[in-house]
Each structure stands twice: as C-alpha cells, then as structure tokens.
Chemist: 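Please find one structure pasted underneath; my questions will follow.
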Amino acid sequence: MTHDPHGPHVPLSPATLAVTAGRPPRVQGGPVNPPVVLSSTYVNQGVTGPGELLYTRMDTETWHPFEEALAALEGARHGVVFGSGMAAVIAAVGDVPDGGAVVVPRHAYQVSLGYLDDLAARHGVDVRRVDIADTAQVVAALDGADVLLAESPTNPMLEVADLPAILTAARERGVRSVVDNTFATPLGQRPLDLGADVVVHSVTKYLAGHSDVVLGAAVTRDDETAAGLRAYRTLHGAIPGPMEVWLALRGLRTLHLRVERANASAAELARRLAEHPGVAEVRHPSLPGDPGHERAAGLMNGFGAILGLRPHGGPAAADAVVAAVRLWVPATSLGGVESTLERRRRFATESLTVPEDLLRLSVGIEDVEDLWADLDQALRAGAGSAA
C-alpha cells in the first residue's frame with residue numbers, strides 16, 4: 001500500500017503521487033523501493049486462495065507497485081500492466097461482435113488502426129474513422145457502435161477532441177469508451193474524470209521514459225472491467241516481465257520532471273519554428289493559431305511534447321532534415337529523454353491523409369538551445385539539398 005504522509009483524506013498532487021505511489025509499507029528496516037521478484041512460479045499446494053500467487057502468467061507481486069502508482073495518477077481503482085501497448089489496446093477494446101462497429105480517429109496510432117482493419121477483414125467489423133476534432137461527426141458515428149477508441153491529441157496530427165462531449169455521448173448510447181492517453185500522460189489529462197470507461201497507455205513512451213522497455217497498461221474504475229482485462233492478459237499471455245515493470249516504475253518517479261521540461265521545450269521550439277523560413281507548417285496545441293489550441297487550453301494541463309513539422313520542399317526536404325540532424329535521433333517511438341524525429345509516411349501503413357512531408361518530433365529533455373541549433377541547421381541544410 002502507498003504511504004500517504006498527509007493521511008487518507010488529503011489529496012496529493014500528481015507530481016507527488018509519481019514519487020510516492022506504489023512504495024512498500026514504511027516499516028523500520030524496510031526497503032524504500034519495492035523489490036524485483038524473479039520467479040516464474042510460487043510455492044502453492046491444495047486449493048489456491050484469494051490473493052495467493054501461483055504462476056507468474058497469472059500474477060506476480062512485481063507488477064503491483066507500478067499498477068498501483070499508475071492507477072493513482074489516473075484516478076483509477078485498478079491498473080493492469082501488459083507486455084506491450086498494443087496488448088493493452090486490444091484488451092481494452094474487448095470482444096467486438098462479428099458485424100459490430102468501432103469508432104476511431106482517422107489519424108491514430110497506425111498499429112491500432114491496423115488491428116481494427118484486421119477485425120474488419122476477418123469479422124466484418126464496421127470501422128468508422130472520424131475526424132475526432134469534429135464533435136458532431138463523432139457523436140453521429142456513435143449511433144449503433146460498440147466501442148469508441150479515442151486519442152487526443154491524435155498521433156501524429158495532434159488533433160484535440162472534446163473528450164467530455166464525446167465520452168458523455170458514448171455513455172448515453174451504451175458505447176464502451178477507451179482513451180489512449182499516451183501523448184497527454186496522466187499529468188496532462190485524466191480521461192476517467194471526463195467519462196471514459198478505460199484508459200490505455202503505451203508505457204514504453206513517457207511513463208517509462210527511457211526508451212529501454214516495451215510495455216502497456218490499462219486503468220479503470222470498474223471492477224468487472226478490470227477483471228476482464230486481467231483475464232485477457234492471462235489467457236492471451238500478454239504479460240510483461242518483472243524487470244521491465246520495475247524499470248517502468250523507476251522511470252515513472254521522474255515523470256513530472258521530464259514532462260514539464262519536454263512540454264516547455266516543445267512550446268518554445270514550436271514558437272520559433274512557426275517563424276522559420278524553412279518551415280511550411282508547424283503543429284503544436286500551444287500555438288495560438290493551432291486548430292486545437294483553444295480546446296487544449298481548456299481541457300489539458302499543458303500542451304504535450306510532440307510537434308508536427310512540414311518543411312518547405314516536400315518529402316525530399318523532410319528526408320533531408322532527418323539526415324542532417326546531429327543531436328535529434330532519427331527513430332520511431334517517442335516519449336524518451338532523448339529527442340527523436342521521423343517522417344511518418346515512410347511507413348506504408350500510415351494513414352494516407354497524413355501529409356507525405358510531415359515530420360513527427362518527440363521533444364526530450366536536452367537543453368532547448370541545443371535542440372534549436374540542431375533543428376535550425378538541419379532545416380537550412382534540408383532546404384538546400386532539396387532545392
């Protein structure tokens with residue numbers, strides 16, 4: 001159980017919860033950090049009682065501190081850690097019936113979209129892709145649907161949804177609502193407070209934060225939903241290794257510091273990029289002219305650390321920028337301490353409505369002046385090579 005230095009009735013800030021949640025009981029001579037238990041099986045005979053450990057595919061104590069800490073940050077009753085973000089997404093979406101319907105942003109994580117396309121091909125599921133920023137369009141698509149799988153901001157276009165409105169509409173229609181909160185993190189928004197049934201994360205990204213583990217997680221306030229998520233994890237073998245979960249918990253301790261630094265740097269870089277002669281368009285909700293600015297300012301705590309950038313010169317210029325950076329790392333994924341960038345349409349599976357020249361930038365925690373100097377020289381070099 002988490003030690004609360006202020007007692008059970010005084011709420012702690014998210015920054016404090018990131019540090020304190022999931023700690024062992026405070027006892028004389030006890031450890032400050034939870035231990036890693038590396039065992040595939042447990043001593044167990046006869047009928048296994050409630051809470052007794054049997055076999056690590058079913059449960060292990062090394063998962064619990066991370067699950068507790070993430071649930072605390074998201075305002076959930078239950079946290080369930082998975083072997084990958086996609087395992088969490090698939091478990092949270094649940095059993096969509098043959099011929100059922102799922103509403104999803106037209107711009108979303110490409111593997112989530114690929115999974116839904118597979119459901120469409122094999123089970124006749126109606127995948128309704130919508131502009132998640134168009135509330136009326138989303139609400140209309142929810143009629144007769146089984147699941148809403150939302151992202152806000154979206155990957156990679158950074159569209160911002162009116163989550164309270166669309167989650168309320170989903171609940172009124174009996175539609176299961178799942179929000180992928182990877183980009184915003186629990187520090188940026190808590191979708192369960194806004195009406196979501198389940199929130200999922202790619203723990204690989206900001207929560208773990210060091211580009212060294214692949215994990216996912218789901219949180220919920222509903223007991224039955226949590227039981228279903230755990231049953232899926234057990235039956236499908238979608239389990240994480242104990243060492244990876246322990247590393248994720250260690251990363252979570254600095255989440256608030258990393259997010260604060262990365263968000264501030266992203267906003268500063270967006271402001272400068274908007275005035276750069278080599279840039280045709282920059283997307284970041286912090287910019288007053290960004291389509292998602294007003295909504296993000298009202299619904300989110302901060303604007304995130306992902307940028308969308310389109311240089312003058314089209315895809316060739318975008319590729320030249322990626323080739324010219326020296327500090328930024330050309331790589332996929334995001335949310336690590338290091339800053340990364342990539343041209344998203346290099347993947348044939350990316351949404352065709354994503355511009356071919358769009359660069360997705362994940363801002364890390366390096367010095368912002370160093371990041372800017374590297375981007376500036378790369379943009380100038382890219383413009384020259386594409387000319």
Side-chain angles (χ1 to χ4, degrees), residues 14-22 33 36 65-66 69-70 73-74 81 84-85 109 153 155-156 158 180-189 201-217 240-241 243-273 284-286 300-309 321-322 324-342 344 359-378:
T16 300
L17 283 174
V19 176
T20 61
N33 290 309
V36 183
F66 177 82
L70 180 57
L73 283 170
E74 285 283 9
V81 65
S84 70
Y109 179 45
N155 182 6
L158 301 178
D180 187 331
N181 204 29
T182 299
F183 271 27
T185 83
L187 306 183
Q189 64 188 9
H201 285 273
S202 174
V203 177
T204 308
K205 314 302 195 294
Y206 290 103
L207 299 183
H210 292 77
S211 303
D212 54 8
V213 299
V214 174
L215 291 172
M243 193 67 200
E244 287 85 352
V245 179
W246 186 88
L247 285 170
L249 180 62
R250 185 171 69 167
L252 193 71
R253 300 306 187 201
T254 60
L255 176 66
H256 58 297
L257 298 174
R258 293 184 284 104
V259 166
E260 180 180 339
R261 174 65 173 263
N263 283 8
S265 294
E268 177 61 19
L269 291 173
R271 183 187 67 79
R272 298 186 190 186
L273 287 167
H284 190 252
S286 69
M300 295 176 64
N301 179 25
F303 296 103
I306 305 297
L307 301 175
L309 173 63
V321 169
V322 174
V325 291
R326 295 295 175 262
L327 176 58
W328 293 74
V329 181
T332 197
S333 197
L334 53 99
V337 294
E338 67 287 327
S339 295
T340 62
L341 81 170
E342 67 175 342
R344 289 300 299 171
L359 296 174
R360 187 186 70 188
L361 280 63
S362 172
V363 180
I365 64 172
E366 305 93 338
D367 186 276
V368 70
E369 296 299 336
D370 292 335
L371 291 173
W372 171 249
D374 192 35
L375 268 185
D376 177 50
Q377 68 81 22

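Worth saying up front: this structure is predicted, and the values here are computed from it rather than measured. All values below were derived from every heavy atom in this structure, side-chain atoms included, with hydrogens, water molecules and symmetry-related copies excluded.
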Chemist: Is the closest side-chain heavy-atom distance between W328 and V363 below 4.5 Å?
Modeler: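 Yes; the side chains approach each other to less than 4.5 Å.
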Chemist: Could you check if a side-chain atom of P186 sits within less than 4.5 angstrom of a side-chain atom of L207, using non-hydrogen atoms only?
Modeler: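 Answer yes - side chains close enough.
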Chemist: Just verifying a value: how many Å separate S362 OG and Y206 OH, rounded to the nearest 0.5 Å?
Modeler: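 Spacing of OG (S362) from OH (Y206) equals 4.5 Å.
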Chemist: In Å, rounded to the nearest 0.5 Å, how long is the span from CD1 of I365 to CG of L257?
Modeler: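 Rounded to the nearest 0.5 Å, the CD1-CG separation comes out at 9.0 Å.
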Chemist: What is the minimum heavy-atom distance between H256 and A18, and which atoms define it?
Modeler: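 Looking at all heavy atoms of both residues, the shortest contact is ND1-CB, 4.0 Å.
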Chemist: So L375 and R272, do their side chains get closer than 4.5 Å, heavy atoms only?
Modeler: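 In short, these two side chains do not touch, never coming nearer than 4.5 Å.
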Chemist: So how far is it from L17 CG to L255 CG, rounded to the nearest 0.5 Å?
Modeler: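 Between L17 CG and L255 CG, I get 11.0 Å after rounding to 0.5 Å.
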Chemist: Can a donor-acceptor pair be found, under 3.5 Å and without considering hydrogens, that links the side chain of S339 to the backbone of G364?
Modeler: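 Confirmed, S339 side chain pairs with G364 backbone.
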Chemist: What's the separation between atom CG in L158 and atom CG in L307, rounded to the nearest 0.5 Å?
Modeler: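 If I round to the nearest 0.5 Å, the distance is 7.5 Å.
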Chemist: Would E244 and V203 count as a side-chain contact (heavy atoms from CB on, under 4.5 Å) here? Give the steps.
Modeler: CA-CA 10 Å; E244 287 85 352; V203 177; over 6 Å; no
Chemist: Should L309 and L341 count as side-chain neighbours, where that means a heavy-atom distance under 4.5 Å?
Modeler: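 In short, these two side chains do not touch, never coming nearer than 4.5 Å.
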Chemist: For H210 and A208, work out which heavy atoms get closest and say how close.
Modeler: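 Smallest heavy-atom distance, with atoms named: ND1-O, 2.9 Å.
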Chemist: So which atom in M300 and which in A184 form the shortest heavy-atom distance, rounded to 0.1 Å?
Modeler: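 M300 and A184 have their closest heavy atoms at CE-CB, 3.9 Å.
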Chemist: Show, in sequence, the C-alpha distance, side-chain angles and deciding distance for N181 and E74, and conclude whether the side-chain contact (heavy atoms from CB on, under 4.5 Å) test is met.
Modeler: CA-CA 10 Å; N181 204 29; E74 285 283 9; 3.0 Å; yes
Chemist: Within this structure, what is the CZ-CG distance for the pair F66 and L252, rounded to the nearest 0.5 Å?
Modeler: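 Separation between the atoms: 6.0 Å.
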Chemist: Do you see a donor-acceptor pair shorter than 3.5 Å between the side chains of D374 and Q377?
Modeler: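 Yes, a side-chain donor-acceptor pair sits under 3.5 Å.
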Chemist: Can you name the nearest heavy-atom pair linking P240 to V81, along with the distance?
Modeler: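 Smallest interatomic distance, heavy atoms only, reads CG-CG1, 3.7 Å.
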Chemist: Set out, in order, the CA-CA distance, both residues' side-chain angles and the distance that settles salt bridge (charged side-chain N to carboxylate O under 4.0 Å, His left out) for E342 and R344, then state yes or no.
Modeler: CA-CA 6 Å; E342 67 175 342; R344 289 300 299 171; 2.4 Å; yes
Chemist: Is there a donor-acceptor contact under 3.5 Å from the side chain of E366 to the main chain of L371?
Modeler: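 The answer is no, because no donor-acceptor pair under 3.5 Å joins these two groups.
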Chemist: Just do the side-chain contact (heavy atoms from CB on, under 4.5 Å) check on T332 and R360 with the steps written out, would you?
Modeler: CA-CA 9 Å; T332 197; R360 187 186 70 188; 4.0 Å; yes
Chemist: Looking only at non-hydrogen atoms, find the nearest pair between R253 and A21 and report the distance.
Modeler: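 Between these two residues, the closest heavy atoms are NH1-O, 2.6 Å.
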Chemist: Taking the side chain as every heavy atom from C-beta outward, state whether T204 and S84 have any atom pair closer than 4.5 Å.
Modeler: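 A side-chain contact is absent here, since even the closest heavy-atom pair is not under 4.5 Å.
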Chemist: In Å, rounded to the nearest 0.5 Å, how long is the span from CG of L187 to CG of L73?
Modeler: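 Those atoms lie 6.5 Å apart.
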Chemist: Taking side chain as C-beta onward, heavy atoms only, is T182 less than 4.5 Å from Y109?
Modeler: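 When only atoms from C-beta onward are counted, Y109 and T182 do not touch, as no gap falls below 4.5 Å.
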Chemist: Would a distance-only check, ignoring hydrogens and angles, find a side-chain to backbone donor-acceptor pair under 3.5 Å from R326 to A324?
Modeler: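 Confirmed, R326 side chain pairs with A324 backbone.
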Chemist: Which heavy-atom pair separates V337 from R258 by the least distance, and what is that distance?
Modeler: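 Looking at all heavy atoms of both residues, the shortest contact is CG1-CD, 3.8 Å.
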